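Everything numeric here is computed off the predicted structure, so don't read it as measured data. Any value given below was found using the heavy atoms of this structure, including those in side chains, with hydrogens, waters and symmetry copies removed.
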Amino acid sequence: MKKSNNETFHKIIIDNDVEGLLKMSNKNKEDFLLILMYDYLCNKKLSEMNQVQKTLYLAMRLEDICQADALPSLSEDEEIFLALPEIKLAYERLGALKTAQYLNEFIALIPKATIPEWDWFFDDERKQIIHRLDSKICNYPDGLMKNLYITYISNCENANKLLNNLA
């Protein structure tokens with residue numbers, strides 16, 4: 001009986017099988033990323049992740065949040081909100097430079113190291129800027145993020161770091 005892809009993905013992670021990860025098709029890597037995110041990375045603290053793991057996790061979390069809600073909803077997750085500068089760096093590492101620039105503009109609007117009360121902190125002008133930035137980020141200015149994630153984990157050094165201490 002043939003193993004399911006999910007079983008194969010879990011085995012690659014548990015066995016730290018870099019070669020197995022690199023040999024996967026892009027479609028399988030795309031599916032692998034979902035298992036990685038929702039079965040492994042979501043269960044780790046940011047402080048427990050290495051740079052490659054954190055890069056993928058932060059970028060994927062921001063993508064999820066922005067697609068589901070909008071940039072101001074980031075304030076509902078304190079850890080992610082306070083990690084905005086790291087998220088910007090994650091997008092830069094992935095090659096999503098336009099998105100990183102929009103994030104930088106957003107970061108410049110908010111007070112450092114605090115979560116603002118959105119209702120009173122932002123005037124209409126700021127709200128319009130944030131809406132514009134949110135719209136630009138949600139329209140994938142650097143192309144589909146899954147392609148950037150796949151390219152990132154297809155690098156041997158990144159694949160090795162990604163699987164290191166993951167299971």
Residue pairs involving residues 82-91 (criterion side chain to side chain donor-acceptor pair (under 3.5 Å); sequence neighbours excluded):
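Of all non-adjacent pairs touching residues 82-91, those that pass side chain to side chain donor-acceptor pair (under 3.5 Å) are Lys54-Glu86, Lys88-Glu92.
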Quick one: pull up [atom1] in [X] and [atom2] in [Y] and give me the separation to the nearest 0.5 Å.
| X | Y | atom1 | atom2 | value |
| --- | --- | --- | --- | --- |
| Glu7 | Asn5 | CD | CG | 9.5 Å |
| Ile87 | Phe81 | CD1 | CZ | 10.0 Å |
| His10 | Ser4 | NE2 | OG | 8.0 Å |
| Arg61 | Asp77 | CZ | CG | 5.0 Å |
| Leu56 | Leu41 | CG | CG | 7.0 Å |
| Met145 | Leu148 | CE | CG | 5.0 Å |

Can you sort out the partners of Asn50 under side chain to side chain donor-acceptor pair (under 3.5 Å), two or more places apart, ordered by chain and number?
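For Asn50, no residue satisfies side chain to side chain donor-acceptor pair (under 3.5 Å) once neighbours in sequence are set aside.
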Only distances under 3.5 Å count here; give the side-chain donor-acceptor pairs of residues 156-167 to other protein atoms, sequence neighbours excluded, each with its distance to 0.1 Å.
| unit_1 | atom_1 | unit_2 | atom_2 | d |
| --- | --- | --- | --- | --- |
| Glu157 | OE2 | Lys161 | NZ | 3.0 |
| Asn158 | ND2 | Tyr152 | O | 3.1 |

Within the 3.5 Å criterion, strictly below it, is a donor on Asn147 or Tyr140 matched to an acceptor on the partner's side chain?
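Per modelled atom types, Asn147 and Tyr140 side chains form no pair under 3.5 Å.
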Could you go through residues 93-111 and list every donor-acceptor pair under 3.5 Å that involves a side-chain atom there, pairing it with any protein atom two or more places apart or in another chain?
| unit_1 | atom_1 | unit_2 | atom_2 | d |
| --- | --- | --- | --- | --- |
| Arg93 | NH1 | Thr55 | OG1 | 3.0 |
| Thr99 | OG1 | Asp142 | OD2 | 2.6 |
| Glu105 | OE1 | Arg132 | NH2 | 3.1 |

Minimal non-hydrogen separation, [X] against [Y], with atom names:
| X | Y | answer |
| --- | --- | --- |
| Cys66 | Cys138 | O-SG, 3.2 Å |
| Phe9 | Asn28 | CZ-O, 3.4 Å |
| Ser154 | Leu22 | O-CD2, 3.3 Å |

Testing Ile13, Ile150, Asn6 for side-chain contact (heavy atoms from CB on, under 4.5 Å) with Phe32, which one passes?
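Checked Ile13, Ile150, Asn6 against Phe32; only one passes side-chain contact (heavy atoms from CB on, under 4.5 Å): Ile13.
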Name all residues meeting the ring pair (Phe, Tyr, Trp, His ring centres under 6.0 Å) criterion together with Tyr149; count only those two or more places apart in sequence or in a different chain, and write none if there are none.
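Tyr149 satisfies ring pair (Phe, Tyr, Trp, His ring centres under 6.0 Å) with no residue once adjacent residues are dropped.
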I'd like to know whether Leu33 forms a side chain to side chain contact (heavy atoms under 4.5 Å, CB included) with Lys29, so could you lay out the CA-CA distance, the side-chain angles of the two residues, the decisive distance to 0.1 Å, and finally the verdict.
CA-CA 6 Å; Leu33 285 164; Lys29 286 177 184 170; 5.6 Å; no
Would you say the side chain of Glu30 lies within less than 4.5 Å of the side chain of Asn26, judging by non-hydrogen atoms?
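With C-beta onward as the side chain, the pair stays apart.
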Hydrophobic cluster identity match, Leu82 and Leu89, side-chain contacts under 4.5 Å
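No.
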Residues Met24, Ile12; criterion side chain to side chain contact (heavy atoms under 4.5 Å, CB included); working and verdict:
CA-CA 10 Å; Met24 275 194 258; Ile12 285 171; 3.6 Å; yes
Kindly state each residue pair satisfying salt bridge (charged side-chain N to carboxylate O under 4.0 Å, His left out) with at least one member in residues 38-53, sequence neighbours excluded.
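Qualifying pairs: none.
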